[in-house]
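Okay, structure first, notes after.
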Number of protein chains: 2
Amino acid sequence: MDTITIKDVARLCGVGVSTVSRAINNHPDINEETKQKVLQVIKENHYIPNNSARNLKRSASKTIAVLIKGIDNPFFSGMIKIFEEEIQKKKYSFILHRVDEGEDEVDVAVELVKEKKLKGIIFLGGYFSHSQAKLDQLDVPFVLSTIAITDKMEAGKFSSVSVDDFAESYKMVDYLCSLGHKHIGILAATPYDESIGKLRLEGYKKALEDNGITPREEWCFYSQEDIECYTMSNGYELMNKVMASDTGVTAVFAVSDSIAIGACKAVFDAGKSVPEDYCVAGFDGLDMAHYYNPTITTIRQPVEEMAHATIRILFDIIRNKSQNQQRIFQAQLLEGQSTRRI
Amino acid sequence: MDTITIKDVARLCGVGVSTVSRAINNHPDINEETKQKVLQVIKENHYIPNNSARNLKRSASKTIAVLIKGIDNPFFSGMIKIFEEEIQKKKYSFILHRVDEGEDEVDVAVELVKEKKLKGIIFLGGYFSHSQAKLDQLDVPFVLSTIAITDKMEAGKFSSVSVDDFAESYKMVDYLCSLGHKHIGILAATPYDESIGKLRLEGYKKALEDNGITPREEWCFYSQEDIECYTMSNGYELMNKVMASDTGVTAVFAVSDSIAIGACKAVFDAGKSVPEDYCVAGFDGLDMAHYYNPTITTIRQPVEEMAHATIRILFDIIRNKSQNQQRIFQAQLLEGQSTRRI
DNA sequence: TTGTATGCGTTATCAG
DNA sequence: CTGATAACGCATACAA
């Protein structure tokens, strides 16, 4: 009584299990009348097919999984919505699977492929640094979306959609220079970061150099290793260090909008103002940056386009219409009220 | 070659499948030596057990699922982290499952219970309005966490953790009254909301009445039905309507912090200021409210405590240590800079 | 300590 | 159109 199976339904209907199965799965070769009867019985008894059994038996399913590290990143929510829409539009189903900070995303993916007979995978966010051997375990198409890619990986062996973190950082810092700032700090990730944090830091340094400014280590305010880096509270702490220092920075480039917002708050709490006392720039283009007061000058990643491109590439590969491709998107510098000319 | 199964491993090792199974599942009755050998072969060949088959075979598993509606709600992220920690601490595993806006969470739950042989479920957020009959389909312990409960459901038949949305709203609006405001608007959910939106609206009205103010329909700024309600952009729109009206409101109570922030922004963009021209109060106690400029006066739900309580109740039921319980938490009014005495 | 055989709930392949 | 029946990959009772 507890758990009702397809056999029970069959018995209740006085038909064979295969007939029930046909009814469930909308097979054409079944009498409409018997089908309705079966469906009726199913409804009455709240029969629910066991997915494990289905997945086990099925050789393939039309489902795409999105694996995401750090599910609470507001940056992703817009993309996820688009993924969902697009995937549904293609008559595929969609699984969102969160991968823990400590987990290996590829392992999780391989497992999921087996369990759910996936058709494709989207890796969203985080860092990605896997050997080719590891990646080869994945025998389904996948694309890395908004993920920093290390040079460990061979181009052509995978697909990706991203912005050029180095170039976009450069763009922002170059802009700050163009506003007349000579002492520009950076609210950075940890010194050991090997991912976007590093790329954004390097873009910052290069932009300074190209503007005839020698980057100084004292301008680099790094996050501690033991805390979450891309948070408002971290931005708050870092900016307090900036203000406590005598580095004379007039502008700071925060490597994310959350950090930038925390930084602004620190300035206000110190009784100073943005952009008069300190200019603050962010990165990502979150809604929040736009609604903050002052609006945050930031680099807006074209999340919608990137999400669409991710899907397009994935399905192109699934349908064998194309090889792997790496798409780099152009981001946009949004001038907000948090920066000014000096 | 493509997909390697337990049989392949067995053959490769020259042992039986049950031995391999024992090695995988850490059974005691296996020779340490053979176990190591098997594990070795498994590693070399990247064998990964098929979860569908395992779930199908297993009669029970130690796993808890958290079903969440609207996964991008920043309000939840802190709770999820705690769920994860606590569940791991109990040696259970943890599945986070997003349920689509259109889906029926109970159906999803029932399906998941069968598929994964769940031990318990946490429903997080959203509205909850299911008949007892529906709930009876769920034969595992569950608790509704931060969910508005309708009176359709019989107390004692389920567990829940929440705040009293009515009372807390009342608290906030009463506070606004105490600051001397006589014309207080509300940025509300849709007029048809039957959930927290309604409760918060009612708390608002009651507080006005108790302060000798007759609620006016023109003070109620409702969200449109076709847009997401608890967003900054909605708050922005609603506040613009407030300012365009000649209702003379001096303070608005936004039914969420996101709405409140959008509202503040609208005020700024209109060249006015908060709290001088308009006072704005929120609800939820997001980090964001604290980092905003000005800080938002809000009702802070004790999310950490609530998350812990959720877990405790769930496990108490699982372990038969207690019956269903409904816990109502006290929230805290945080006075920010977005409100003032007039 | 180990291997064999059975069944978990489905779907797919066959004959009817 | 329908109904047996054989897999799917694994865990386990039972036999060895």
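Just so it is clear: chains get the letters A, B, ... in the order the sequence lines come, proteins before strands, and each one is counted from 1. Quick caveat: nothing in here was measured; it's all calculated off a predicted structure.
In this structure, E105(A) does not pair ionically with R98(A), as no charged nitrogen and carboxylate oxygen lie closer than 4.0 Å. One finds a salt bridge joining K89(B) and E86(B) here, because a Lys/Arg side-chain nitrogen approaches an Asp/Glu carboxylate oxygen to under 4.0 Å. Using a 4.0 Å cut-off between charged side-chain N and carboxylate O, D100(B) and K69(B) make no salt bridge.
Whole-Å rounding puts the K37(B) NZ to dT1(C) C1' distance at 15 Å. Atom pair K116(A):NZ and dG9(D):P shows a separation of 17 Å (rounding to whole Å applied). Rounded to an integer number of Å, the gap from CG of D29(B) to C1' of dA15(D) is 14 Å. Protein atom CD of E33(A) is 12 Å distant from nucleotide atom P of dC1(D), rounded to whole Å. One interatomic measurement links the two molecules: CD of E32(A) to P of dC1(D), which rounds to 10 Å at whole-angstrom precision.
Defined by atom type and a distance below 3.5 Å, a donor-acceptor pair is missing between the side-chain atoms of N55(A) and E115(A).
Residues V143(A) and Q325(A) are not in side-chain contact: their nearest non-hydrogen atoms beyond the backbone lie 4.5 Å or more apart.
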Per-nucleotide protein contact string for nucleotides 9-16 of chain C, where B marks a base within reach and S marks sugar-phosphate only (heavy atoms under 4.0 Å, - for neither): BBBB----

Pair Q88(A)-F94(A), side chain to side chain contact (heavy atoms under 4.5 Å, CB included): steps then yes or no: CA-CA 7 Å; Q88(A) 262 172 13; F94(A) 161 74; 5.9 Å; no

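Taking side-chain N and O atoms only, T34(B) has a distance below 4.0 Å to OP1 or OP2 of dT2(C).
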